[in-house]
Amino acid sequence: MAALLRGLRAGRALRGLSSVVAAPTATNPQCGSLRRGFHCAGLRLQDESKSDKPPSSTTYHEHYQARSAEQDTAASASDPAADQSTDPNTSYQDQSGEQDEEYETEEQLQARILTAALEFVPLHGWSMEAIAAGAESLGLSSASTGMFEKGSGDLVLHFIAQCNAQLTEILAEQHTQVQLGQAEPKKTADFIRDAVETRLRMYIPYIETWPQAMSLLLLPHNIPDSLKHLSTLMDDIWYYAGDRSTDMNWYTKRAALTGIYNTTELVMIQDSSPDFQDTWAFLDNRIQDVVNMATTAKQVQSTGEAVVQGLMGAAVTLKNLTGLNQRR
Amino acid sequence: MNKINYTGTYYFQTEKKHLEKFNEILAENRVRPTALLPFWNIAGFVLGASSALLGKEGAMACTVAVEESITEHYNNQIRTLMEKEPERYTELLQVIKEFRDDEMEHHDTGLAHDAENVPGYWLLKNAIQLGCKAAIYVSQRI
């Protein structure tokens, strides 16, 4: 197990080395003189140390230090900076005044990078290039892509989480409006339809590359997270639609909605009608199907009950007729 | 017979009240209900029906066994909540304590109605309690 981890770290370091070689030339072309070199080394180390120390960034530190020691002779300068950078709580105001030094968690940093990366998705697709471009647009080194263990799957999952959060916000707002009496409560089918349409419309800016994103989500290491996001999305939609069931209905409703949502998503990615009208028509039909099925199930149940009552009545009548019912 | 009918009805009403309250708490806190619920519905019915076939003492013995299991479960829950954050869960703790006291009362009533007189009381009681413990364990996970 330890050998496996060491091997993983070595592999990551090797990958990082290639991007480290590329990065310094891209980000800081003016690192010529000694003094400026010292600043550059400090800046780059600072960038790397912004995140809390995951194992990958330790190796990047070492490689950056090696790199900057090669490039400029400010090798001694790297060490005190490295010492400072091992304690993320230290403020770096003296090193360079360009960046605002507030303590930021690794998750927040990753979220920032991924949000920035979304802009580059139409250009690079859902890939590490997009994440690298996103990092660079924030002024960070593109080698910070090493933070993302699941690669471009991280980008897709981040986007999905963002969309889910947006939808929950919209639904919660609608919910409070209905409670305040400012809006009429929608019928369940209409509510579901609107919620799914709102959610799927968030994909429209990325619809060209969405098939790639969907295939990324099917990779084994992404499946648990994508299923988790999907199940919380379905739970949220049903909760705001007013579902408070505590029995098997809880499961059947969510399963039905998952089916509707996934099939509509698939229709959407190959839909070329204006404003995706075909997709919304498909969605309407699927919701209608489920509503019909629920109605039919209820009808079957009440018919069944009526039949049983009829049979019992017939049995009692028979008993009376044959005189077996002696309780007169 | 009428006394049994009355007791049985009283049990039923109390338990129904408990079930409604817990369903309410479940929905409020958006908790996922256990997927095994249909099984427990069937199992509960079968247990009740078969213990009633053993006569009045059988039904009472079943009651005693089940109430003991549920009281233990409630006490475990109270312990867990007290360890975590009693201030945050005051209402829930109140509910659980009240229900636990109800169940203890059922238990004592069951004993008062000659539960121990059923043949094989020890075996019956322990078998039912084992089943209850297994059901609780599994439901907490699935």
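Quick note on labels: first sequence line is chain A, next is B, and so on, each numbered from 1. All values below come from the heavy atoms of this structure, side chains included, with hydrogens, waters and symmetry mates left out.
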Student: Which residues pass the side-chain contact (heavy atoms from CB on, under 4.5 Å) test with A:Asn249, sequence neighbours left out?
Tutor: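 Here the qualifying residues are A:Ser245, A:Asp247, A:Thr252.
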
Student: Among residues 27-34 of chain B, which residues come closer than 4.5 Å to chain A, judged by heavy atom distances?
Tutor: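 Listed by number, the contacting residues are B:Ala27, B:Arg30, B:Val31, B:Arg32, B:Pro33, B:Thr34.
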
Student: We want to know whether A:Thr115 and A:His158 form a side-chain donor-acceptor pair, criterion being a heavy-atom distance below 3.5 angstrom.
Tutor: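 A pair is found: one side chain offers a donor N or O, the other an acceptor, under 3.5 Å apart.
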
Student: Just checking, any donor-acceptor pair under 3.5 angstrom between side chains of B:Gln77 and B:Tyr89?
Tutor: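 Not at all, the side chains of B:Gln77 and B:Tyr89 share no donor-acceptor pair under 3.5 Å.
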
Student: With only heavy atoms counted, which part of A:Asp235 is less than 4.5 Å from chain B, the side chain, the backbone, both or neither?
Tutor: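 Backbone plus side chain of A:Asp235, per the 4.5 Å heavy-atom cut-off to chain B.
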
Student: Quick one: list whatever passes side-chain contact (heavy atoms from CB on, under 4.5 Å) with B:Thr90, sequence neighbours left out.
Tutor: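 side-chain contact (heavy atoms from CB on, under 4.5 Å) list for B:Thr90, sorted by chain: empty.
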
Student: Got a sec, which residues hit side-chain contact (heavy atoms from CB on, under 4.5 Å) with B:Ala35, two or more places apart in sequence or on another chain?
Tutor: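 If we apply the side-chain contact (heavy atoms from CB on, under 4.5 Å) test to B:Ala35, skipping adjacent residues, the hits are A:Met248, A:Tyr251, B:Ile142.
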
Student: Taking NZ, NE, NH1 and NH2 as the nitrogens, is one of them in B:Glu24 or B:Lys21 under 4.0 Å from a carboxylate oxygen of the other?
Tutor: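 Yes, charged N to carboxylate O under 4.0 Å.
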
